[in-house]
Amino acid sequence: MRETRVDASNNQGFVLLIMLIFMQMVALLIAREISMLAYLKQSLFHHVMDVQQENEMQAVMRLVDHYKRPSCMINHMSHSAISNMSLRWWLKHGCKIRFHGNEYFFVREYLGVGACIGIRNQHNQVVVTEYYRNTLLYHSDINELERQLMQDTVAIPGNNIAVCSGQLRLIESGRKMLKRIL
């Protein structure tokens with residue numbers, strides 16, 4: 001009889017060991033799931049913040065598009081050159097806009113006149129189309145390294161009557177392209 005009792009206690013020890021291993025695995029799985037949920041929550045938060053920032057930048061860009069002749073005109077620059085400009089450069093050459101407590105800077109580049117492309121001006125005359133590129137900078141006051149750039153191309157009525165030797169094409173004034181520069 002004594003042998004069976006020893007076997008039963010060995011079996012109980014083995015069952016206890018299996019239960020402890022099983023509980024450890026369950027605890028690890030739960031910890032992993034909690035960690036995954038925290039990561040997803042943080043990722044979702046950052047995504048929502050990015051979408052809100054982009055929406056705000058688009059609202060600021062709509063304001064910029066309505067400036068007729070801003071004082072912050074610059075010569076044409078490549079995307080990489082303008083994205084590498086320092087904050088000091090933006091302070092010197094850019095026009096400043098405050099929107100919802102955030103500070104933005106923008107510059108405008110003259111891209112040229114559209115050949116045989118006309119726009120109706122406020123007097124309903126067909127005039128030449130002038131193209132401009134606006135670049136908007138958002139610079140965080142909190143994080144010095146955080147900066148975001150957005151560009152758009154706008155077509156606006158020029159001052160001269162449109163004359164074309166071929167077919168004159170009419171377009172609507174306004175934004176023709178919008179993109180975020182990374």
Side-chain angles (χ1 to χ4, degrees), residues 34-115 117-160 162 170-182:
I34 290 171
S35 174
M36 184 73 80
L37 286 173
Y39 172 77
L40 288 174
K41 183 178 177 183
Q42 183 180 16
S43 294
L44 180 61
F45 174 76
H46 286 294
H47 177 71
V48 167
M49 294 303 290
D50 284 346
V51 168
Q52 286 177 343
Q53 181 62 42
E54 185 158 337
N55 288 341
E56 184 170 299
M57 287 183 76
Q58 287 183 19
V60 174
M61 193 61 95
R62 281 190 292 276
L63 294 173
V64 168
D65 289 347
H66 293 294
Y67 279 77
K68 296 297 180 202
R69 302 282 184 247
S71 61
C72 44
M73 296 288 294
I74 62 168
N75 292 327
H76 181 69
M77 298 176 75
S78 69
H79 299 295
S80 60
I82 204 161
S83 64
N84 289 323
M85 289 300 177
S86 67
L87 182 59
R88 183 173 297 182
W89 182 89
W90 283 95
L91 289 167
K92 181 178 179 184
H93 298 285
C95 293
K96 184 166 113 175
I97 296 178
R98 283 203 78 59
F99 188 82
H100 292 268
N102 293 320
E103 197 170 78
Y104 294 87
F105 298 94
F106 79 92
V107 291
R108 180 174 284 176
E109 302 165 74
Y110 177 70
L111 299 178
V113 176
I117 300 173
I119 288 184
R120 293 196 184 277
N121 64 11
Q122 68 270 20
H123 306 295
N124 207 26
Q125 299 169 313
V126 178
V127 295
V128 296
T129 302
E130 294 181 353
Y131 289 96
Y132 294 89
R133 181 168 65 195
N134 297 313
T135 304
L136 180 69
L137 168 74
Y138 165 73
H139 183 266
S140 173
D141 293 334
I142 299 166
N143 181 356
E144 287 292 319
L145 299 176
E146 182 184 355
R147 57 187 276 158
Q148 297 179 29
L149 290 166
M150 185 174 278
Q151 285 186 330
D152 75 353
T153 303
V154 292
I156 63 173
N159 294 325
N160 301 324
L170 286 177
I171 64 168
E172 296 291 321
S173 64
R175 181 181 294 156
K176 300 303 171 197
M177 181 275 307
L178 175 71
K179 66 181 174 183
R180 201 170 180 176
I181 300 175
L182 302 176

TODO: Take Leu87 and Trp89 through the side-chain contact (heavy atoms from CB on, under 4.5 Å) test and state the conclusion after the steps.
DONE: CA-CA 5 Å; Leu87 182 59; Trp89 182 89; over 6 Å; no

Open item on the list: Apply side-chain contact (heavy atoms from CB on, under 4.5 Å) to residues Val127 and Asn159 and explain how you reach the verdict.
Closed with: CA-CA 7 Å; Val127 295; Asn159 294 325; over 6 Å; no

Open item on the list: Show, in sequence, the C-alpha distance, side-chain angles and deciding distance for Met150 and Lys179, and conclude whether the side-chain contact (heavy atoms from CB on, under 4.5 Å) test is met.
Closed with: CA-CA 6 Å; Met150 185 174 278; Lys179 66 181 174 183; over 6 Å; no

- [ ] Show the numbers, then the answer: is there a side-chain contact (heavy atoms from CB on, under 4.5 Å) between Gln53 and Tyr138?
- [x] CA-CA 9 Å; Gln53 181 62 42; Tyr138 165 73; 3.4 Å; yes

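Of all the heavy atoms in Ser78 and Ala81, the pair that sits closest is OG-N, 3.1 Å. Minimum heavy-atom separation, Pro157 to Ile119: CG-CG2, 3.6 Å. The shortest non-hydrogen separation linking Leu111 to Tyr132 is CD1-C, 3.9 Å. Smallest separation of non-hydrogen atoms from Ile181 and Ser83: CG2-CB, 4.1 Å.
Counting heavy atoms from C-beta outward, Phe105 and Met85 have side chains that stay 4.5 Å or more apart. Using a 4.5 Å heavy-atom threshold, the side chains of Lys96 and Leu91 count as separate. In this structure, the side chains of Met77 and Glu109 come closer than 4.5 Å at one or more pairs of heavy atoms. Using a 4.5 Å heavy-atom threshold, the side chains of Tyr104 and Arg98 count as separate. You'll find the side chain of Tyr131 stays beyond 4.5 Å of the side chain of Val154, heavy atoms only. In this structure the side chain of Ile82 reaches within 4.5 angstrom of the side chain of Val107, judged on heavy atoms.
Note that CG of Leu136 and CZ of Arg62 are 11.5 Å apart. Values are rounded to the nearest 0.5 Å. The distance from atom NE2 of His76 to atom OH of Tyr110, rounded to the nearest 0.5 Å, is 13.0 Å. Note: Phe106 CZ to Leu137 CG = 12.5 Å, rounded to the nearest 0.5 Å. Here the CG atom belonging to Asp152 is positioned 14.5 Å from the CZ atom belonging to Arg180, to the nearest 0.5 angstrom. Considering SG of Cys72 and NE2 of His93, their distance stands at 11.0 Å, rounded to 0.5 Å. One distance of note links CZ of Arg108 with CG of Asn134; it measures 4.5 Å at 0.5 Å rounding.
For the residue pair Arg120/Gln125, the side-chain donor-acceptor check at 3.5 Å is not satisfied. The closest side-chain donor-acceptor pair between His46 and Lys41, if any, does not fall under 3.5 angstrom. Asn102 and Glu56 share a side-chain donor-acceptor pair at under 3.5 Å.
Put simply, the side chain of Gln148 never gets that close to the backbone of His139: no donor and acceptor are under 3.5 Å apart. Counting only distance, with no hydrogens or angles, the side chain of Arg175 and the backbone of Ala155 share no donor-acceptor pair below 3.5 Å.
Environment of NZ in Lys92: sparse, with no more than 12 heavy atoms of neighbouring residues, nucleotides or ligands closer than 6.0 Å.
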